[in-house]
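As structure tokens, the structure follows; a few thoughts come after it.
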Amino acid sequence: MRVGRKTRSRVLLGAVAAGALLLGFPASVRPVEAGTLLRHLTLDKTVPAADSTVSGPVTEVRLTFSEPPLLRGTSVRVVDSGRSLMSSSPPMTFEPDPRQVFITLDPHLPPGAYTVQWRVIAQDGHVMRGNFGFEVKAE
């Protein structure tokens with residue numbers, strides 16, 4: 001009997017899932033489909049909010065993730081519309097809630113359009129990255 005590639009993949013996936021159950025892996029990390037996990041670190045909230053217009057000085061950028069990222073390897077950068085890097089502190093975690101990562105900007109951002117580029121490493125070792133924009137309008 002000849003077995004197709006899809007059938008072999010499903011059999012292998014079933015064996016991996018059964019092994020995960022036997023080893024006691026939590027349901028959140030058991031495979032559902034090849035290359036897919038039930039849970040990934042996600043960016044839940046930003047301050048300033050993504051695609052928002054803010055009036056007044058912006059002195060920090062804060063990112064809240066679905067789970068605490070590893071600080072090692074974390075990068076948060078703010079660039080203006082001309083792609084110039086804005087001066088900021090290294091990324092830090094917020095002690096009461098380690099899901100939050102923030103940078104302080106010195107000096108505060110003048111009016112203009114900005115892009116936040118971020119990169120973090122999840123607890124499971126996956127590198128996650130993204131970007132979002134916001135605008136600072138003159139007071």
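Predicted model only: the values in this text are computed from it and were never measured.
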Taking the side chain as every heavy atom from C-beta outward, state whether L70 and Q123 have any atom pair closer than 4.5 Å. yes

Can you tell me if R119 uses its side chain to pair, donor with acceptor, with the backbone of G73 under 3.5 Å? yes

Transitive ILVMFWY side-chain link F132 to V136, under 4.5 Å: yes

Would you say V76 and S88 make side-chain contact, with heavy atoms under 4.5 Å? no

When you group the ILVMFWY residues by side-chain heavy-atom contacts below 4.5 Å and let the links chain together, are L63 and V54 in the same group? yes

Please evaluate residues L109 and V78 with respect to the criterion side-chain contact (heavy atoms from CB on, under 4.5 Å), reporting the C-alpha separation (whole Å), side-chain torsions for both, the decisive distance (0.1 Å), and the verdict. CA-CA 10 Å; L109 298 177; V78 178; 4.2 Å; yes

Does a side-chain heavy-atom distance below 4.5 Å link I103 with W118? no

According to a 4.5 Å side-chain heavy-atom criterion applied to Ile, Leu, Val, Met, Phe, Trp and Tyr, with indirect links allowed, do L43 and V61 form part of one hydrophobic cluster? yes

Which atom of V58 lies closest to which atom of P48, heavy atoms considered: CG1-CG, 4.1 Å

Test item: P98 and Q100 side chains (from C-beta on) under 4.5 Å apart, heavy atoms: no

So side chain to side chain donor-acceptor pair (under 3.5 Å) across residues 102-116, not counting sequence neighbours, yields S89-T104

Residue pairs involving residues 75-84 (criterion salt bridge (Lys or Arg N to Asp or Glu O under 4.0 Å); sequence neighbours excluded): none

Note, F65 side chain near M128 side chain (heavy atom, < 4.5 Å): no

If you take all heavy atoms of E67 and A122, which pair is closest and at what distance? OE2-CB, 4.4 Å

Side-chain heavy atoms of V79 within contact of L85, under 4.5 Å: yes

Less than 4.5 Å apart, side chain to side chain, heavy atoms only: is that true for P68 and R99? yes

